[in-house]
Amino acid sequence: MNPFNVLQVREGATQSEINDAYKKLKAEYSERRFLPGREGADACRRLEEIEEAYREATQQITDSYNISGGHKYQDVEDAIREENIEYAQTLLDNMASRDAEWNYYQAIVFYKKNWHNEAIKQLQMAVASDPHNANYRDSLNELQNAMLFGGASNPRGSFYGEKSSGEGQQRSYRDRPPQQEQPYCCTPCGMCQGLLCADCCCECMGGDLISCC
Amino acid sequence: MFGYVTCDKPNMLVKDFYEYRAYYCGLCKTLGKSYGQLARFGVNYDIVLLSLLAHNYAKVAPQFCDSHCIAHPIGVKRKMLISNPILKKVADVNCIMAYYKLEDNITDEGGLKYKLAKALLSRKYKKAKAALPTLDRQTEYYYNKMRSLEQSNNYCLDSLADCFALITVEIGRATTGKEDKNLYDFCYNLGRWIYIIDAVDDFRKDLKQRKFNPFCADYSEDSIDKLAKDAQCLLTLTINNMRIAYDNMDITISEGPLSNVVYMGFAARVNQVLQRLKGEANESV
């Protein structure tokens with residue numbers, strides 16, 4: 001028999017809800033148990049059931065905690081994998097602990113939302129509170145590298161899981177390195193002009209730089 | 001907030017540049033026809049980029065004609081787009097954006113000029129609003145959200161940029177009439193990029209005038225170089241996300257100009273803005 005049904009609470013109720021329901025039911029049947037005849041016997045049986053259900057429900061809750069104690073962030077990870085970023089954020093918001101792992105998952109969620117600035121901050125917090133975790137450190141490095149050189153040049157992309165593909169490869173202008181505009185003075189034209197200018201100035205002051213003009 | 005999107009003109013084929021400008025001129029003409037002369041001031045290359053995307057999404061190859069520009073009535077005729085339903089839709093979008101930009105200017109700076117323009121534009125705005133009610137509603141919502149974040153001195157750059165990015169997503173949805181992941185990613189990062197580069201560009205001015213700027217919390221006059229470095233990082237990543245989304249799009253119309261903007265124009269603008277930021281810093285020293 002489902003312990004949650006016996007206790008008349010919804011499936012997945014919290015420990016405190018279960019405690020309240022248990023206390024209420026116990027008080028109710030404890031009164032009735034002294035009634036004469038069948039009613040008293042029924043109440044006794046019910047009480048036993050309630051005790052049993054209470055023990056079982058509490059056990060189930062502790063178990064679920066223990067399972068997720070190992071993979072506390074399993075749900076978050078699943079949500080991220082399914083690209084359900086909003087749900088992942090809700091899960092993170094509802095968590096009580098804010099450990100390094102929490103920062104790490106929050107960073108991934110931020111990254112997926114394109115909130116890069118916050119992602120960096122969270123990763124830095126994760127690294128600060130758990131400096132020995134190679135995963136956090138690598139992720140931070142990877143993100144910082146992507147920011148410096150652009151993610152496309154990063155073939156590993158494990159943190160991002162996305163790579164440029166598709167038909168974009170052949171497009172015009174695609175693989176040209178960004179070019180800096182040359183400063184004006186270094187072009188041949190600019191140099192000539194500069195010389196002429198200097199010559200004019202010299203002549204104004206009575207000297208001469210280029211004697212022929 | 002607008003006007004940061006650009007092509008990398010020195011590294012662009014001349015034919016691509018003319019084609020790019022033809023989209024701009026065509027939009028300006030369409031705006032003049034459907035929303036009056038005043039609305040033409042709202043035309044900018046940001047919306048032209050979305051217009052290019054919208055033509056690609058609708059697979060409508062535009063028709064070109066040669067015509068005079070209102071600002072240059074004498075001289076050579078320019079190549080421009082003949083108005084089509086997509087341009088009309090882009091014009092609607094542009095009108096709504098121009099209205100919110102005016103509102104933004106009024107709250108930022110006040111001034112009779114903007115108020116007058118807003119009053120003159122308000123009838124046209126109602127027309128555009130009737131054409132695109134969802135876009136207007138969403139824009140208003142995110143715009144107000146951004147305002148209230150700014151007024152409460154929330155310096156979280158990402159959540160501020162998020163508001164503007166989501167407006168851009170709505171614009172993308174309205175102009176193309178479609179939704180997919182590439183378009184969402186592209187528009188989101190475009191909006192984010194515009195917000196961040198605008199904030200970087202205004203940093204010195206805002207600092208001087210004690211106005212709100214998301215970077216004011218973490219940077220000061222003395223850390224301009226650090227700001228330039230960090231901003232470059234943030235913008236590079238955003239540009240890269242746009243590139244990835246763009247790579248995966250099916251682009252068959254006006255590929256040249258569009259690719260120039262995406263692959264080179266954004267980076268060129270970032271360089272320009274950062275140079276300006278650092279240059280001014282050196283001047284004041």
Side-chain angles (χ1 to χ4, degrees), chain A residues 82-86 89 93 106-107 109-124 139-155 157 159-184 187, chain B residues 7-13 16 156-162 165 181-182 184-185 188-189 191-193 196 214-215 218 229-241 243-252 255-268 270-272 275:
Chain A
E82 287 157 20
E83 297 278 323
N84 194 348
I85 302 302
E86 259 169 62
Q89 182 65 67
D93 286 343
Q106 180 64 73
V109 168
F110 276 140
Y111 182 81
K112 290 276 177 188
K113 282 168 72 180
N114 288 309
W115 291 32
H116 307 135
N117 209 18
E118 298 297 312
I120 279 272
K121 282 185 197 164
Q122 292 293 339
L123 274 181
Q124 280 164 345
S139 301
L140 182 62
N141 284 341
E142 229 171 281
L143 183 56
Q144 278 168 341
N145 276 337
M147 286 176 137
L148 283 178
F149 309 112
S153 61
N154 184 346
F159 186 69
Y160 321 106
E162 56 206 1
K163 232 183 261 173
S164 172
S165 63
E167 40 135 9
Q169 253 55 306
Q170 287 108 39
R171 294 212 182 121
S172 26
Y173 306 106
R174 187 166 186 276
D175 298 314
R176 293 231 216 137
Q179 286 172 16
Q180 292 281 338
E181 242 179 283
Q182 281 192 344
Y184 183 60
T187 62
Chain B
C7 59
D8 185 9
K9 203 169 158 190
N11 297 307
M12 193 177 195
L13 294 180
D16 285 343
C156 175
L157 177 71
D158 286 332
S159 58
L160 285 160
D162 186 59
K181 191 173 179 301
N182 292 331
Y184 181 94
D185 284 352
Y188 187 95
N189 283 289
R192 183 180 156 81
W193 183 83
I196 295 177
F215 288 114
D218 294 336
K229 216 177 104 217
D230 292 353
Q232 170 116 52
C233 289
L234 284 173
L235 291 166
T236 306
L237 207 47
T238 312
I239 293 172
N240 201 57
N241 285 343
R243 287 177 68 125
I244 292 172
Y246 178 72
D247 276 350
N248 291 319
M249 282 180 186
D250 177 32
I251 303 293
T252 49
E255 186 266 327
L258 195 47
S259 292
N260 181 280
V261 173
V262 176
Y263 294 134
M264 307 194 77
F266 289 129
V270 170
N271 273 340
Q272 185 204 355
Q275 292 288 335

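Chain A is the first sequence line, chain B the second, and so forth, proteins listed ahead of strands; every chain is numbered from 1.
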Please evaluate residues B:Asn241 and A:His116 with respect to the criterion side chain to side chain contact (heavy atoms under 4.5 Å, CB included), reporting the C-alpha separation (whole Å), side-chain torsions for both, the decisive distance (0.1 Å), and the verdict. CA-CA 11 Å; B:Asn241 285 343; A:His116 307 135; 3.5 Å; yes
Go through the steps for B:Asp158 and A:Phe110 under the test side chain to side chain contact (heavy atoms under 4.5 Å, CB included), then give the verdict. CA-CA 9 Å; B:Asp158 286 332; A:Phe110 276 140; 5.8 Å; no
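- With chain A as partner, the option from B:Ala165, B:Gly256, B:Ala268 having the largest number of non-hydrogen pairs under 4.5 angstrom is B:Gly256.
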Check against side chain to side chain contact (heavy atoms under 4.5 Å, CB included), A:Gln144 and B:Cys233: CA-CA 8 Å; A:Gln144 278 168 341; B:Cys233 289; over 6 Å; no
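- Formation of a donor-acceptor pair under 3.5 Å by the B:Glu255 side chain with backbone atoms of A:Ser172 is found in this model.
- Cation-pi check for A:Arg174 over B:Tyr246 is not met; the charged atom does not lie both under 6.0 angstrom from the ring centroid and within 45 degrees of its normal.
- Summarising the geometry, atom CG belonging to A:Leu143 is positioned 6.0 Å from atom CG belonging to B:Leu237; distances are rounded to the nearest 0.5 Å.
- When every heavy atom of B:Lys181 is checked against every heavy atom of A:Glu83, the shortest pair comes out as CE-OE1, 4.3 Å.
- Among B:Leu13, B:Asn11, B:Val261, the one residue that satisfies the side-chain contact (heavy atoms from CB on, under 4.5 Å) test with A:Tyr173 is B:Leu13.
- Between A:Asn117 atom CG and B:Leu157 atom CG the span is 5.5 Å, to the nearest 0.5 Å.
- Within the 4.5 Å cutoff, no side-chain heavy atoms of B:Thr238 are placed close to those of A:Asn114.
- Side-chain contact between B:Gln232 and A:Met147 is absent, with no heavy-atom pair separated by less than 4.5 Å.
- Residue contact with chain A, scored on non-hydrogen atoms closer than 4.5 Å, involves the backbone and the side chain of B:Asn260 alike.
- Of the atoms belonging to B:Asp16, it is side-chain heavy atoms, and not backbone ones, that fall under 4.5 Å from chain A.
- Interatomic distance, A:Lys113 NZ to B:Ser159 OG, rounded to the nearest 0.5 Å: 8.5 Å.
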